[in-house]
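One structure below.
Everything numeric here is computed off the predicted structure, so don't read it as measured data. Naming: A, B, ... by sequence-line order, numbering from 1 per chain.
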Number of protein chains: 2
Amino acid sequence: MLKAKARESRFIPPPKLPPPTPVVDLGDAEMRLAQDLLFFAYRGFTNVADKVLEEPGLGRAHHRALHFIGRNPGITVSGLLAILRITKQSLARVLNALVDEGYVVQAPGYEDRRLRLLTLTEKGQALEAQLFDAQRERVAQAYRTAGPQAVQGFRSVMRAMMDKGARDYMDGTGSPEDA
Amino acid sequence: MLKAKARESRFIPPPKLPPPTPVVDLGDAEMRLAQDLLFFAYRGFTNVADKVLEEPGLGRAHHRALHFIGRNPGITVSGLLAILRITKQSLARVLNALVDEGYVVQAPGYEDRRLRLLTLTEKGQALEAQLFDAQRERVAQAYRTAGPQAVQGFRSVMRAMMDKGARDYMDGTGSPEDA
DNA sequence: CGTATTAAGTCAACAATACTGACCTATTTC
DNA sequence: GAAATAGGTCAGTATTGTTGACTTAATACG
């Protein structure tokens, strides 16, 4: 007597789908992690410059002025005010110290002599270079550790984190007023 | 007369090499860009919280205390001092204000009653939540704009940017003293 | 059980860095 | 020539940090 043939079990795999679009995790845990990353990373970054500032007896406000004057030689006082977003009095105290100590020089504008154009002196460039070297060490080490892909990501996130005006200023499409 | 056979010209292509390892650009321009990214991004991030702090009349130091007490309920005073890296006097002024205004409560330790364990009250949690909401908006929007790959990169770079102690503390492998 | 150590608090003075609001001079614009 | 603008100054105030000394309460230790 012929044995009944067992019905074959046939598994038909579903059509191959593309991998799911990666989604950014915006949960509270991730957001709190971001808060901590920003706090500790920025502190680490600024502390290395603080050490350099000790010897000439200057502070972070002085460093910021040196940095942005170095970045924008010939910048006007109001331009610097706009970038730093501080009052005239605040800048005056810092700027006067930098001028008095010979780090910065002021010159009247060529066309509009009301303007005060700020540039770093050689002494100022030297100090700014020390500060830059200290922070470059920290940033370069972080970039090397993280790798080029990560650096691209870091830039994208940081760009998106800042105010639009600051972004425009950094892109060169805005003016100091935008920062 | 038999014509001489032309010698064949044979081109032998070089062995196929792997593509070059992507290199991180650590040039001055990139390093200065990083300085600006860090400055403007951090400012944008902290400014959104500053606005929330206006109404209760508190400052960034108060926010940091609220944040890290919220992160570590029951933290000791010395633990908080270690994370924030400020002096007892500085913390006392901020902490006393937070306690007086009802945002933070202190309790003696169970085993060692010299310790003062800090926790947020409901009022403190509410204010911290407002601050968190403000900063979460900013971070989430940046993360969405940049995308998940970029976020991974951001985290890597920021982790590498901080002091080792802070990294250890964030990983949970270190103690507040490490931060 | 007394001494040393530790956790935390307080005090006064000072410094860095920010703001406010008013007032000033010099220069440019209209 | 008046109005507007760039920049400077002044005095007072606020926030947030440091220093160094001193205190109280609690724990550790011999």
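- When the nucleotides D/dG17, D/dT18, D/dC10 are ranked by their closest atom to the side chain of B/Arg64, D/dG17 comes out on top.
- Atom CG in A/Leu53 sits roughly 14 Å away from atom C1' in C/dT17 (whole-Å rounding).
- Residue B/His62 places its side chain closer to D/dT16 than to any other of C/dT27, D/dT16, D/dT27.
- Note: CZ (A/Arg116) to P (C/dT27) measures 8 Å, nearest angstrom.
- Just one residue in the list A/Leu66, A/Leu127, A/Val105 forms a side chain to side chain contact (heavy atoms under 4.5 Å, CB included) with A/Leu120, and that residue is A/Leu66.
- Between B/Ala34 and A/Val139 the shortest heavy-atom distance is CB-CG1, 3.6 Å.
- Ring planes of B/Phe45 and B/Tyr42: tilted class, angle from 30 to 60°.
- In this structure, B/Arg167 fails the cation-pi test against A/Phe40, since its NZ or CZ atom is not both closer than 6.0 Å to the six-membered ring centre and inside 45 degrees of the ring normal.
- Residue A/Asp112 places its side chain closer to C/dT27 than to any other of D/dG17, C/dT27, D/dT16.
- In this model, the phosphate group of C/dG9 is approached by a side-chain N or O of B/Gln106 to a distance below 4.0 Å at OP1 or OP2.
- The shortest distance between side-chain heavy atoms of B/Phe39 and B/Gln35 does not fall below 4.5 Å.
- For A/Arg114 against D/dT5, a side-chain-to-base donor-acceptor contact under 3.5 Å is present.
- Where A/Glu111 and A/Arg85 meet DNA chain C, the nucleotide closest to each residue was compared, and A/Arg85 sits on the side nearer the 5' end.
- The residue B/Ser78 sits close only to the backbone: its heavy atoms come under 4.0 Å of sugar-phosphate atoms, none of a base.
- Within the 4.0 Å cut-off from OP1 or OP2 of D/dT16, not a single side-chain nitrogen or oxygen of B/Ser90 is found.
- Rounded to whole angstrom, the span from the CG atom of B/Asp50 across to the C1' atom of D/dT15 amounts to 11 Å.
- Across the protein-nucleic acid pair, B/His63 atom NE2 and D/dT15 atom C1' stand 16 Å apart, rounded to whole Å.
- Of all nucleotides listed (D/dG7, C/dA8, D/dG17), D/dG17 comes nearest to the side chain of B/Ala61.
- Minimum atom distance to the side chain of B/Ile86 is reached by D/dT18, of the listed D/dG8, D/dA6, D/dT18.
- Between B/Glu54 atom CD and C/dA18 atom P the separation is 17 Å, expressed in whole Å.
- Straight-line distance from the NZ atom of B/Lys88 to the P atom of D/dT16: 21 Å, rounded to whole Å.
- Looking at which nucleotide of DNA chain C each of B/Val77 and A/Tyr110 is closest to, the 5′-most match is held by B/Val77.
- Note: CG (A/Leu81) to P (D/dG7) measures 8 Å, nearest angstrom.
- Distance, A/Asn96 CG to D/dG8 P: 7 Å, rounded to whole Å.
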task: Decide yes or no on salt bridge (charged side-chain N to carboxylate O under 4.0 Å, His left out) for A/Asp168 and A/Lys164, but give the supporting numbers first.
output: CA-CA 6 Å; A/Asp168 291 343; A/Lys164 182 187 182 311; 2.7 Å; yes

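- For A/Arg113, whose side chain is taken as the heavy atoms from C-beta onward, the closest listed nucleotide among C/dT27, D/dT16, C/dC19 is C/dT27.
- When the nucleotides C/dT27, C/dA18, D/dT16 are ranked by their closest atom to the side chain of A/Arg93, C/dA18 comes out on top.
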